Amino acid sequence: MSAHERERLSAYLDGELRPAERAEVEAHVAACPECAHLLASLAAVDEAAGRLPAEAPEGYFDRFPARVRARIESEARPSRRSRLPRWTWAAAALLLLGIITPLTLRETGPVPTPATGPAAAPPAAAPAPDAREDGPAAAAPAREQRKEAARLEEKEARGRAPEAPAEPELRRPAPAPEKAAADFASPPSPPEPESRAKNEVPPVLAQPAGERDAAVALHEAAPAGAAEGRTAARPGASAARATAPLALEPSASAEAVRPDAAFRRIDASRPRTADEWRRQRDEWAAFARANPTSPLADEARVREVEAARRAWEASGDASDEETFRRAALAYLARADAVQRSRVERLLPEPRP
Amino acid sequence: MGLPERAARSSPAAPEPDESFLLARARKGDLGAFETVVRRYQRRVYGVALRIVRAHDVADDVAQEAFLRAWRSLDRFDLARPFGPWVCRIAANLAVNHVRSPRAREEGLPEGHRETPARDPGPLTAVLDSEAQEVLDAAVAGLPAEQRAVFVLRAVEEMSYEEIAEALGIAPGTVMSRLFRARERLARALAPYLGQAAERRRAGGP
């Protein structure tokens, strides 16, 4: 009995043989105990396969549909939902009210019990005294809190401690005016580590020197925010996309904690137009900048070049070509570039 | 996820009317309708993912991602097709890619759907006891990811070679050979138990 014949037994079992071959195999099996035994073994294996364990933790399937829904909701922002970063509202409020205070706006930490659902209470208490008087500024954090609560619920469900910083309205504590802090009804929140700053909506209020931290946060937030566009998550609809240079996605903060999730999200987008390719290109670039030491960073850099190339192919624009070439050469110049050949292949002619 | 579920899936009938309705609503953005669909297929999708990636956290990621991608592609989905196999294919693809490399590269959603060829029922079945089941599980874990994926899709999901080929982005001939190699390995691991099972059957036992 040759390997080829044995292989046919497998295909026979699956009903994948043409009638003539099936008849042959059947006839053979009837006469050959060895093959008959093998066939029975293969069938038994299949039979048992159905009972391979597929157990999930307690309550997993109770929560799963809601988690998927929450993820869809957090990714697909209906156009009515404000996608402007919080700081624009706060800045507008400041300009209007002419208030300049060295105090950073402090937001509460995330609701530790996601079971309470949309954390409406803390955000209501949280906003800065000036922002409180501004409707949109107060409303926006509520929406963002709700979203964050959903994300946190998801993380909770995964058995991870919800991370205080994964909350978009977080502000840095101010060194100075604690008196204004007393105005806040917000519960005390743990001081947030520096690393989150770049994903937080910055306490913008263009503070004077005392608020160097805030300015730094704004600066750091810019590159991360610039590229955090969101692909359409609503089926069939061309979802409103963030095009503002500092359009920060609240989930960006959560994703800074989990680069693999950020990676997969970017990877999941399926660009078709030049615009979409450009966006993906920028997202890859931002990812690599935000996670330079991640094992995924190199892949992200290569993908940035690939997306840049596709954007150029889609548009035919000289500027896209320029961006592509620059990105390709920048990658090839890196000491830690491990996928040179992949990038070299993209260049249409030999490098100078 | 055992026999009863397999029996229910043995014939790929037309999608239930309410499923098409739910999906049509979901397509228009009705998340509640989609959530219902998710609830219907979550165990199956998770099962496919888990059996391939063999870790709960990863299977959770893959399962979520599969439904997310399905949601995003609903406008391209033919409502006349059954949703289950489609989303399972997405999950399998994601699962294999996840095992292969850290990146979950999407090779393109599978298009088209074929009816699974009618299986020859045949009297060729044997029942294994729980110890043998564990041995099988360990043997499946020992398979290379590609073989494992093909095996899971065939033995658990009962997809045709063509469907598996589409799902995993490989040629049908590759499906056949990988499947056979996987099965042979598993059968060898189970050989001692299969003898017992055959014995029991001959003796007229369970």
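In this text the structure is predicted, and so the values were computed from the model without any measurement. In what follows, chains are A, B, ... by sequence order, proteins preceding strands, each numbered from 1.
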*Let me know if B:Ala139 has heavy atoms under 4.5 Å from chain A in its side chain, its backbone, both or neither.*
neither
*Let me see the working for B:Glu146 and B:Arg178 under salt bridge (charged side-chain N to carboxylate O under 4.0 Å, His left out), right down to the final yes or no.*
CA-CA 8 Å; B:Glu146 280 92 356; B:Arg178 274 189 195 162; 5.2 Å; no
*What are the two closest non-hydrogen atoms of B:Val96 and B:Ala149, and how far apart are they?*
CG2-CB, 3.0 Å
*Which residue out of B:Arg54, B:Glu184, B:Arg188 racks up the most heavy-atom pairs below 4.5 Å with chain A?*
B:Glu184
_Run the ring-ring contact (aromatic ring centres under 6.0 Å, His included) test against B:Phe34 and tell me which residues pass, sequence neighbours left out._
B:Trp71
*Pick one of side chain, backbone, both or neither for B:Phe77, based on which atoms fall under 4.5 Å of a heavy atom in chain A.*
neither
*Within a radius of less than 6.0 Å around CZ of A:Arg8, do more than 12 heavy atoms belonging to other residues, nucleotides or ligands occur?*
yes
_Need one label for B:Thr36: side chain, backbone, both or neither, based on atoms under 4.5 Å from any heavy atom in chain A._
neither
